[in-house]
**Student:** 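Quick one: the structure is below, and I'll ask about it shortly.
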Amino acid sequence: MLDDSAAYLDGPWTHRTVKAAGARFHVAEAGEGPLVLLLHGFPQFWWAWRHQLGPLAEAGFRAVAVDMRGYGASDKTPRGYDLVTLAQDAAGLVRALGYEDAAVVGHGVGGLVGWTMTAYHPGAVRALAAVSAPHPLHTARIVASGGPGVRHMLRAQVPILPEHRLLADGCVRVGDLLREWSAPGWPGAEAEEAYRQAFAIPKVSHCSLEYHRWIFRSRWRPDGLRYNARMRSPVRVPVLQLHGELDPVCPPEAARASRRAVAGAHRWAPIPGAGHFPHEERPEEVSRELVGWLGRPGGGQVDGARKGDGERR
């Protein structure tokens with residue numbers, strides 16, 4: 001087991017701790033300007049966005065990559081791993097960072113959190129970039145595909161054993177998942193080691209699986225029914241969907257159906273040769289798409305003065 005120091009990787013960014021929504025969150029940030037909030041997926045942590053922090057900062061944005069609740073150096077609370085609470089975390093972070101709103105970029109489960117923010121905290125979301133993440137009401141299409149993500153989701157419902165499996169042999173299973181869910185050629189040794197060490201931080205294996213347990217189990221519970229009803233509200237902010245053409249976890253055709261949930265501007269951007277982690281497998285292409293979309297009308301740009309460009313705290 002390691003302590004939280006495994007999440008403090010050096011680079012051209014600044015580490016800080018931010019209090020929001022009753023918890024403490026570790027973030028890595030770079031740049032000045034309108035806020036771009038980066039939410040990672042499973043089985044990763046803030047470092048998944050290391051390739052995007054620099055290009056976003058150079059383009060005039062304040063890019064903030066967060067360790068989500070239960071991950072990295074953020075708080076590992078006993079509860080709070082439902083999408084509604086996680087969206088509240090992200091909206092609280094926007095305010096705690098001194099902004100009214102942010103362009104939210106989310107991968108996988110982080111993307112589901114971003115979609116949830118558009119319904120529960122619409123004022124906090126200027127625009128949404130969903131990476132390998134369909135609208136939550138369209139996840140049934142992924143279940144129907146029977147891919148490796150579905151098998152992982154089902155195995156995660158068993159108590160205790162999935163946590164032990166993730167931790168066994170130095171978290172070797174984390175590396176296996178990264179390879180199974182990506183296109184051939186990724187991850188390299190450095191990336192695999194970083195993610196394995198991050199998952200060895202106490203409680204991360206359990207907390208990360210709690211996300212998947214709520215997503216699956218809530219389908220038949222009142223909280224899940226209330227969530228689905230709220231999520232039927234049309235998404236009115238601009239949406240960019242970035243998706244690996246070879247994604248085995250979420251087939252592109254399943255994710256692309258999310259267009260029907262968007263009432264505002266929408267752009268579908270397939271990433272050739274990438275699997276479930278396009279921001280790492282093809283980082284230059286993803287960074288180029290993000291920066292271009294954020295800077296154009298109908299994307300995530302801020303009109304006129306830098307509305308919501310808050311002071312650092």
**Student:** Give a yes or no answer on whether the side chain of Q157 reaches the backbone of M153 with a donor-acceptor pair at less than 3.5 Å.
**Tutor:**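 Checking the backbone N and O of M153 against the side chain of Q157, a donor-acceptor pair under 3.5 Å is found.
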**Student:** Does anything in residues 33-48 form a salt bridge (charged side-chain N to carboxylate O under 4.0 Å, His left out)? List the pairs, not counting sequence neighbours.
**Tutor:**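 For residues 33-48: none.
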**Student:** Less than 4.0 angstrom from a charged side-chain N to a carboxylate O is my criterion; do R50 and E280 meet it?
**Tutor:** yes
**Student:** What pairs meet the salt bridge (charged side-chain N to carboxylate O under 4.0 Å, His left out) rule with one or both residues in residues 76-90, with sequence neighbours excluded?
**Tutor:**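 The answer is D4-K76, R69-D89.
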**Student:** Kindly determine whether T14 and E29 satisfy side-chain hydrogen bond (donor to acceptor under 3.5 Å, both in side chains), including the steps that lead there.
**Tutor:** CA-CA 5 Å; T14 301; E29 62 178 347; 5.7 Å; no
**Student:** Does the R165 side chain pair with the main chain of R173, one donor and one acceptor, at a distance under 3.5 Å?
**Tutor:**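 The answer is no, because no donor-acceptor pair under 3.5 Å joins these two groups.
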**Student:** Checking W115 side chain against P134 main chain: does a donor-acceptor pair fall under 3.5 Å?
**Tutor:** yes
**Student:** Side chains of H15 and H26: do they bring a donor and an acceptor to under 3.5 Å?
**Tutor:** yes
**Student:** Residues two or more places apart in sequence or in another chain: which of them pass side-chain contact (heavy atoms from CB on, under 4.5 Å) with H206?
**Tutor:**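 side-chain contact (heavy atoms from CB on, under 4.5 Å) check on H206 returns E163, E210, R213.
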**Student:** For the residue pair L86 and L39, establish whether any side-chain heavy-atom pair is separated by less than 4.5 Å.
**Tutor:** no
**Student:** Scan residues 38-48 for pairs that pass salt bridge (charged side-chain N to carboxylate O under 4.0 Å, His left out), counting only residues two or more places apart or in two chains.
**Tutor:**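 Every pair satisfying salt bridge (charged side-chain N to carboxylate O under 4.0 Å, His left out) with a residue in residues 38-48: there are none.
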**Student:** My understanding is that only residues two or more places apart in sequence, or in another chain, count here; which of them pass ring pair (Phe, Tyr, Trp, His ring centres under 6.0 Å) with H243?
**Tutor:** W268
**Student:** Given 3.5 Å as the limit, does a donor-acceptor pair link the side chain of S287 with the main chain of E284, or not?
**Tutor:** no
**Student:** What pairs with Y120 under ring pair (Phe, Tyr, Trp, His ring centres under 6.0 Å), at least two apart in sequence or on another chain?
**Tutor:** none
**Student:** With salt bridge (charged side-chain N to carboxylate O under 4.0 Å, His left out) as the rule and sequence neighbours excluded, what pairs involving residues 236-249 come up?
**Tutor:**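 Matches after skipping sequence neighbours: none remain.
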**Student:** Calculate, to the nearest 0.5 Å, the distance between atoms CZ and CZ belonging to F25 and R16 respectively.
**Tutor:**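 The CZ atom of F25 sits 14.0 Å away from the CZ atom of R16.
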**Student:** Going by the rule salt bridge (Lys or Arg N to Asp or Glu O under 4.0 Å), which residues pair with R267 if we only count those two or more places apart in sequence or in a different chain?
**Tutor:** E289
**Student:** Got a sec, which residues hit salt bridge (Lys or Arg N to Asp or Glu O under 4.0 Å) with D75, two or more places apart in sequence or on another chain?
**Tutor:**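 R24.
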**Student:** State, yes or no, whether a side-chain contact exists between P43 and S208 at a heavy-atom distance under 4.5 Å.
**Tutor:** no
**Student:** Tell me which pairs pass side-chain hydrogen bond (donor to acceptor under 3.5 Å, both in side chains) where either residue lies in residues 220-229, with sequence neighbours left out.
**Tutor:** T116-Y227, W214-D223, R221-D223
**Student:** Is the closest side-chain donor-acceptor distance between H266 and Q241 under 3.5 Å?
**Tutor:** yes
**Student:** So, using ring pair (Phe, Tyr, Trp, His ring centres under 6.0 Å) as the criterion, who are the partners of H212 when residues are at least two apart?
**Tutor:** F42, H152
**Student:** Quick one: does any side-chain atom of E281 pair with a main-chain N or O of S182 as donor and acceptor, under 3.5 Å?
**Tutor:** no
**Student:** Got a sec, which pairs hit ring-ring contact (aromatic ring centres under 6.0 Å, His included) with one end in residues 62-97, sequence neighbours left out?
**Tutor:**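 Output for this query lists H40-Y71, Y71-Y211, Y81-Y211.
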**Student:** Out of curiosity, Q44 CD to L178 CG, how far, rounded to the nearest 0.5 Å?
**Tutor:** 6.0 Å
**Student:** How many angstroms lie between CZ in R179 and CH2 in W186, if you round to the nearest 0.5 Å?
**Tutor:**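 Atom-to-atom, R179:CZ and W186:CH2 are 10.0 Å apart.
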**Student:** Quick one, W46 with W13, criterion ring pair (Phe, Tyr, Trp, His ring centres under 6.0 Å). Give me CA distance, side-chain angles, the key distance, then yes/no.
**Tutor:** CA-CA 12 Å; W46 75 266; W13 43 70; 5.1 Å; yes
